[in-house]
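Have a look at the structure below before the remarks.
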Amino acid sequence: MNPDLRAQLLSSIHADRLVIVCGAGLSMAPPSSLPAAWKVAEDCFENYRLSIDPDADLALRHDLEALAQTFVDADTLETVFIERLVPWNKFVRQPNPGHAAVADLLTTKAAIAALSANYDTLIERYAIDNGFDFQASIDGEDATVRAATQGPLLKFHGCSTIDRKATVWAPSQLDVPPISNRIQRSREWMTANLRQKDLLVVGFWSDWDYLNAVLGEVLAGIAPLSVTVFDPAPPENLQEKAPDLWNIANGEGVNFDHVQQSGADALDELRNAFSTNYIRRLLASGKQTYADIEGSEVDPEHLEVDDLDSEALYGLRRDAEGVPAGEPATRKHPINCEILGAFHLLLRKAGAAQTVFGYELNGRSIRVVNGAGVALNQLKARFAEAPALGSTDIIVAPGATDLSMPGNVVREGRVGDFVRPLSSGLWLSFETGRQELEV
């Protein structure tokens with residue numbers, strides 16, 4: 001994406017207006033590589049033909065909607081099609097960078113909500129793998145509850161792990177309870193909470209056409225300020241595959257952008273920009289403390305952030321929150337980082353080189369962790385994370401108080417033991433860190 005569009009999306013985050021809309025195409029990007037609708041239809045059909053009806057109509061082999069409708073008509077959609085024929089195991093894969101971005105932006109509430117037409121749980125899986133108690137919603141009532149702790153992930157069409165039997169596979173299901181009631185509650189919630197927001201739309205121009213129609217129905221009436229679509233397809237293909245979405249995006253007064261780029265790549269790029277801005281603000285928060293210590297202004301070059309990938313930046317944000325690996329970064333903005341930011345600036349002035357974990361200075365690796373309001377020994381015990389700190393020589397925790405006493409009476413273990421090893425390296429406060437590193 002170009003710099004102007006990136007700035008526009010970051011402005012939406014800053015103004016609490018960003019809503020992410022995810023279609024099935026998001027999960028088709030590697031390494032997730034979930035199947036297209038025609039492939040799911042083929043698997044269901046072959047399973048049905050081999051197990052139940054060898055004379056099944058071959059015209060249904062690649063038509064998922066029509067195939068599902070035959071089971072609706074026979075009143076066996078739940079018991080046979082959903083429970084026995086759908087290859088649910090193929091929806092269990094590794095999250096891709098797009099899933100990671102959505103999960104990160106929701107746990108920090110950088111995005112106020114996400115609407116997903118994906119049955120899979122790859123967004124949820126990334127958040128949970130990073131220690132966040134993330135829960136998806138399947139209607140507006142659930143979304144209201146979730147909004148207290150995260151940006152809601154509303155899966156209005158259904159979810160593979162929440163009421164699986166009520167997932168949407170055929171358009172005729174949309175007018176019958178419980179799905180019709182669920183969609184109505186979702187529409188009411190969106191009308192109340194998502195009007196006049198900025199929509200970032202990815203992955204809706206796959207061959208899961210009926211899901212596009214569901215989204216067009218539930219989005220009707222929210223009157224977005226802007227719609228940004230990331231999809232490699234040309235405009236005429238988008239209009240043909242999802243006409244309701246296209247009409248919303250091109251509605252009167254809507255600022256519309258279409259970028260021919262992978263949705264997963266675009267989301268990762270936005271997450272990277274969000275994290276880079278977070279670290280930049282962290283550094284800027286230490287400017288006054290640095291000036292008080294050094295008696296001079298900060299070199300502007302020391303306020304810049306190196307080009308790191310999104311996972312490395314996520315680790316630095318986690319350190320800025322004072323939480324170890326296995327716990328999530330949850331803040332949209334850095335908090336209580338004046339001392340932390342000043343120590344970063346002191347290291348940079350001394351010539352420390354940025355790394356994915358922190359810095360290298362005079363042949364020693366350094367990690368900087370926010371210790372504001374915490375006893376140093378307790379913070380060290382909390383960071384008993386093998387093997388993430390195994391190669392770190394020095395961990396400085398600006399803001400922490402060094403009480404010089406053991407934080408617990410549990411023996412130190414070794415990697416592989418049931419007792420976790422205490423984090424390696426020399427743990428130092430702001431003052432002792434300056435003395436040790438001569439910064």
- Task: Examine distances only and state if a side-chain atom of Arg182 and a backbone atom of His157 form a donor-acceptor pair shorter than 3.5 Å.
- Result: yes
- Under the 3.5 angstrom rule, does the side chain of Ser365 hit a backbone N or O of Glu360 as a donor-acceptor pair? no
- Between Thr167 and Trp169, a side-chain donor and acceptor under 3.5 Å: yes
- Message: Check this for me: Asp307, atom CG, are more than 12 non-hydrogen atoms of other residues, nucleotides or ligands nearer than 6.0 Å?
- Response: no
- Query: How many angstroms lie between atom CD1 of Ile179 and atom CD of Gln173, to the nearest 0.5 angstrom?
  - Reply: 4.0 Å
- Task: Flag yes if more than 12 heavy atoms outside His14 fall under 6.0 Å of its NE2 atom; otherwise flag no.
- Result: no
- Distance, nearest 0.5 Å, that separates CZ of Arg187 from CG of Asp139: 13.0 Å
- Taking 4.0 angstrom as the limit, do Lys39 and Glu42 come out as a salt bridge? yes
- Short question: side chain of Thr401, backbone of Ala375 - any donor-acceptor pair under 3.5 Å? no
- Task: Report yes or no: is the cationic atom of Arg367 (NZ for Lys, CZ for Arg) closer than 6.0 Å to the six-membered ring centre of Phe357, at no more than 45° off its axis?
- Result: no
- Message: Would you say NZ of Lys332 has more than 12 non-hydrogen atoms from neighbouring residues, nucleotides or ligands within 6.0 angstrom?
- Response: yes
- Query: Does Glu141 pair with Arg146 as a salt bridge, N-O distance under 4.0 Å?
  - Reply: no
- Query: Any sub-3.5 Å donor-acceptor pair from Asn96's side-chain atoms to Ala29's backbone N or O?
  - Reply: yes
- Item | CA sep, side-chain torsions, deciding dist, call: Phe230, Thr228, side chain to side chain contact (heavy atoms under 4.5 Å, CB included) | CA-CA 7 Å; Phe230 289 98; Thr228 303; 3.6 Å; yes
- Passes salt bridge (Lys or Arg N to Asp or Glu O under 4.0 Å), Arg271 versus Glu311? Steps please. CA-CA 10 Å; Arg271 180 196 187 195; Glu311 290 301 321; 2.9 Å; yes
- Message: With a 4.5 Å cut-off on side-chain heavy atoms, are Val202 and Leu200 touching?
- Response: yes
- Item | Residue pair Phe91, Val40: steps toward the side chain to side chain contact (heavy atoms under 4.5 Å, CB included) verdict | CA-CA 10 Å; Phe91 292 83; Val40 173; 4.2 Å; yes
- Message: To the closest 0.5 Å, what do you measure between CG (Asn89) and OG (Ser160)?
- Response: 11.5 Å
- Item | Main-chain N/O of Ala103 paired with Thr107 side-chain donor or acceptor, under 3.5 Å | yes
- Query: Is Gln196 atom CD crowded by more than 12 heavy atoms from other residues, nucleotides or ligands, each under 6.0 Å away?
  - Reply: yes
- Item | Candidate list Ile339, Leu340, Leu346, test side-chain contact (heavy atoms from CB on, under 4.5 Å), partner Thr289, passing option | Ile339
- Task: Output yes when Asp129 and Arg125 qualify as a salt bridge under the 4.0 Å nitrogen-oxygen rule, no when they do not.
- Result: yes
- Task: Kindly say whether the aromatic ring centers of Tyr359 and His344 come within a distance under 6.0 Å.
- Result: yes
- Can any side-chain N or O of Lys197 pair as donor or acceptor with the backbone N or O of Ile222 at less than 3.5 Å? no
- Taking every heavy atom of Ile366 against every heavy atom of Thr392, the minimum-distance pair comes out as C-CG2, 4.4 Å
- Message: Tell me whether Asn277 at atom CG has more than 12 heavy atoms from other residues, nucleotides or ligands lying less than 6.0 Å away.
- Response: yes
- Does Lys349 come within less than 4.0 Å of Glu301, counting only side-chain N to carboxylate O? no
- Message: Tell me the closest heavy-atom pair linking Thr108 and Ala329, and the distance in Å.
- Response: CG2-O, 3.7 Å
- Message: Quick check: closest heavy atoms across Ser116 and Leu153, and the distance to 0.1 Å?
- Response: CB-CD1, 3.8 Å
- Kindly check if the number of other-residue, nucleotide or ligand heavy atoms within 6.0 Å of CG (Asn362) is above 12? no
- Query: Between Ser310 and Asp268, do the side chains contain an N or O donor and an N or O acceptor separated by less than 3.5 Å?
  - Reply: yes
- Item | No-hydrogen, no-angle side-chain donor-acceptor test under 3.5 Å, Glu431 and Gln435 | no
- Message: Between Arg364 and Glu436, does any side-chain N to carboxylate O distance fall below 4.0 Å?
- Response: yes
- Is there side-chain contact between Ile162 and Asp142, with at least one heavy-atom pair below 4.5 Å? no
- Just by distance, do the side chain of Thr432 and the backbone of Leu428 share a donor-acceptor pair under 3.5 Å? no
- Task: Quick one: closest heavy-atom pair of Leu376 and Ala397, and the distance?
- Result: CD1-CB, 3.7 Å
- Note on the structure: Nearest heavy-atom contact between Lys165 and Ile82 is O-CD1, 3.5 Å
- Message: Quick one about Ser12 and Asp198 (side-chain donor to acceptor, distance below 3.5 Å, no hydrogens or angles considered), yes or no?
- Response: yes
- Message: I'd like to know if the side chain of Gln354 and the backbone of Gly358 have a donor-acceptor N/O pair within less than 3.5 Å.
- Response: yes
- Message: Assess whether a salt bridge exists between Arg318 and Glu327, defined as any Lys/Arg side-chain N lying under 4.0 Å from an Asp/Glu carboxylate O.
- Response: no
- For residues Asn118 and Ser27, report the shortest heavy-atom separation together with the two atoms involved. ND2-OG, 3.5 Å
- Item | Stepwise salt bridge (Lys or Arg N to Asp or Glu O under 4.0 Å) check, Asp43 with Lys90 | CA-CA 10 Å; Asp43 289 349; Lys90 293 190 176 181; 2.6 Å; yes
- Item | Steps toward side chain to side chain contact (heavy atoms under 4.5 Å, CB included) verdict (Leu174, Ile183) | CA-CA 8 Å; Leu174 303 179; Ile183 290 177; 3.7 Å; yes
- Considering only heavy atoms from C-beta outward, does the side chain of Val369 approach that of Leu379 to under 4.5 Å? yes
- Item | Salt bridge Asp104-Arg317, side-chain N to carboxylate O under 4.0 Å | yes
- Value for CD (Gln8) from CZ (Arg6), rounded to nearest 0.5 Å, stands at 12.0 Å
- Taking only residues at least two apart or on different chains, which pairs with a member in residues 248-274 satisfy ring pair (Phe, Tyr, Trp, His ring centres under 6.0 Å)? Trp246-Phe256
- Side chains of Glu269 and Gln261: do they bring a donor and an acceptor to under 3.5 Å? yes
- Query: What is the distance from atom CD of Gln150 to atom OG1 of Thr330, rounded to the nearest 0.5 Å?
  - Reply: 12.0 Å
- Pair Asp175, Ser180: side-chain N/O donor-acceptor within cut-off below 3.5 Å: no
- Side chains of Gln288 and Asp292: is there a donor and an acceptor less than 3.5 Å apart? yes
- Contacts of type side chain to side chain contact (heavy atoms under 4.5 Å, CB included), residue Glu438, not counting sequence neighbours: none
- Side chain Arg195, main chain Thr191, donor-acceptor under 3.5 Å: no
- Note on the structure: When rounded to the nearest 0.5 Å, the distance separating CD1 of Ile248 from CG of Leu219 is 4.5 Å
- Item | Chi angles and distances behind the side chain to side chain contact (heavy atoms under 4.5 Å, CB included) call for Leu199, Leu194 | CA-CA 9 Å; Leu199 304 185; Leu194 302 185; over 6 Å; no
- Message: Please verify the inter-ring angle class for Tyr126 with Tyr314; under 30° counts as parallel, over 60° as perpendicular, anything in between as tilted.
- Response: perpendicular
